[in-house]
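Report on the structure given below.
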Amino acid sequence: MSRALEAYLAQVGSGLKGLSRRRRFTLIRELEAHLLDEAEARGVATESAMSAMLSEKEHPSLLAEELAAGEGEDANHRGGTALAAGMIIGFATGGHMWFEGWRWYICLAFAAAQGLAVGAGYFWVRRHWLRLNPWARTALAVLITSLLSIPLGFTTHHGFKPTRLLYGAFTGYLLERHSQERPLWQALLEPVGFTALMFVIEAGILGRVRFEWWKVPLELSFNATILLSVMLAVRLRRLLAERRVLTPQEQQG
Amino acid sequence: MDRELLKGSTPLLLLSLLCEGPMYGYQIIETVRQRTGGTYTLKEGALYPALHKLEATEFISSYWETQENGRERRYYAIQPAGEAFLTAKKKEWNQFVDMVQAFVGPRA
């Protein structure tokens with residue numbers, strides 16, 4: 001690498017205050033790639049030509065300041081919106097259980113696990129698979145939220161209940177599917193389909209509960225609550241994202 | 001050009017460009033410079049924070065790709081949420097332009 005470029009990047013790097021080592025490395029790596037692209041396009045081949053090109057650039061300390069400026073806010077946005085959206089899902093499902101007559105500590109544990117682990121956890125990791133195709137994204141979302149929902153399995157009076165994980169998987173499925181606009185009829189069918197699946201597994205295959213008709217509206221309304229809270233959480237995140245994007249912060253070149 | 005007029009428009013400009021396909025930083029700067037005839041020049045200190053902000057909101061995503069010469073480039077690609085946002089904002093932008101045009105545009 002050119003010595004002038006190396007020195008320039010080192011100065012920018014030393015100005016990137018308050019960032020993690022990994023983030024600093026990524027920013028410098030990206031800036032280096034950028035400057036090498038520019039040097040190539042402009043036919044910069046000598047050390048003096050590189051120095052001349054870099055002298056046209058912003059001062060390293062100013063550039064570092066600009067690059068670091070939005071980083072904290074981006075991280076806050078990511079974490080804050082994930083938490084807020086997760087809490088909507090947690091409160092809605094925990095609240096529904098409370099109305100059903102479950103003990104308060106079970107409701108609280110379910111709300112915390114569903115909201116923080118499944119909801120916020122999903123929103124936190126989702127960016128890593130954004131480039132996959134929709135089906136792969138949905139499959140991954142179901143898998144990850146099933147794992148994240150392991151704490152949900154303990155929110156019962158009788159030890160670990162594995163079928164609780166299906167609520168986490170269902171939430172993940174909905175979160176991924178509703179990250180894009182989709183027909184209302186599909187959205188309405190989802191809780192119906194999942195309710196049927198739950199009865200087939202719990203009453204039909206595992207024989208854990210007896211199927212009784214009065215249980216159907218209870219289960220259906222719970223699953224519909226998950227759907228509504230997911231739609232609300234996704235909408236909230238989108239609104240906050242739009243607000244964040246439209247807030248001018250960067251200096252114009 | 002008055003910088004105040006440009007404030008806040010960078011994200012929309014970037015999303016519009018990325019609608020055409022994935023692009024890397026220098027390519028974006030060059031495309032903007034060429035299309036505006038040099039009247040608007042994005043600098044690295046403005047471009048990258050704007051791209052990272054769009055990435056944090058999941059309107060775009062990024063990936064590294066190794067070139068034939070062994071060098072790496074970070075490409076940015078628009079996401080469905082970014083497309084939906086851009087479509088909505090384009091509509092608003094056209095309404096705004098029509099409105100301003102009615103007052104300051106050329107006389108019929």
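Any value given below was found using the heavy atoms of this structure, including those in side chains, with hydrogens, waters and symmetry copies removed. Since the structure is predicted, the reported quantities are computational estimates derived from the model, not experimental observations.
Rounding to the nearest 0.5 Å places CZ of B:R71 at 4.5 Å from CG of A:D37. Between atom CZ of residue A:R127 and atom CD of residue B:Q79 there is a gap of 13.5 Å, rounded to the nearest 0.5 Å. With rounding to the nearest 0.5 Å, the separation of NZ in B:K89 from CG in A:L246 is 5.0 Å. The line from CG of B:L47 to NE2 of A:H34 is 7.0 Å long, rounded to the nearest 0.5 Å. The structure places CG of A:D74 at 9.0 Å from CD of B:E55, a figure rounded to the nearest 0.5 Å.
Using a 4.5 Å cut-off between heavy atoms, A:H77 contacts chain B through its side chain alone, with no backbone atom that close. Using a 4.5 Å cut-off between heavy atoms, A:E32 does not touch chain B at all. For a residue to count as touching a neighbouring chain, one of its non-hydrogen atoms must lie under 4.5 Å from one of that chain's; by this rule A:Q180 touches chain B with the side chain only. A:L31 touches chain B through its side chain: at least one heavy atom from C-beta onward sits under 4.5 Å away, while N, CA, C and O do not. Contact of A:R29 with chain B is made through backbone and side chain together, with heavy-atom distances under 4.5 Å. With a threshold of 4.5 angstrom between heavy atoms, B:L15 does not approach chain A through any atom at all.
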Pair A:E40-B:Q67, side-chain contact (heavy atoms from CB on, under 4.5 Å): steps then yes or no:
CA-CA 13 Å; A:E40 189 181 75; B:Q67 307 303 301; over 6 Å; no
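By a heavy-atom distance cut of under 4.5 Å, B:Y24, B:G25, B:Y26 are the residues of residues 16-28 of chain B near chain A, going up by number. Of residues 56-64 of chain B, those residues with a non-hydrogen atom less than 4.5 Å from any non-hydrogen atom of chain A are, in numerical order, B:A56, B:T57, B:E58, B:F59, B:I60, B:S61, B:S62, B:Y63, B:W64.
In this structure a side-chain-to-backbone donor-acceptor pair under 3.5 Å is present from A:E58 to B:G45.
For A:R243, the CZ atom sits in a loose shell: 12 or fewer heavy atoms of surrounding residues, nucleotides or ligands are nearer than 6.0 Å. Within a 6.0 Å sphere centred on CZ of A:R182, other residues, nucleotides and ligands contribute more than 12 heavy atoms.
In this structure the side chain of B:H52 reaches within 4.5 angstrom of the side chain of A:R23, judged on heavy atoms.
Considering only heavy-atom pairs separated by less than 4.5 Å from chain B, the leading option among A:L36, A:L63, A:L67 is A:L36.
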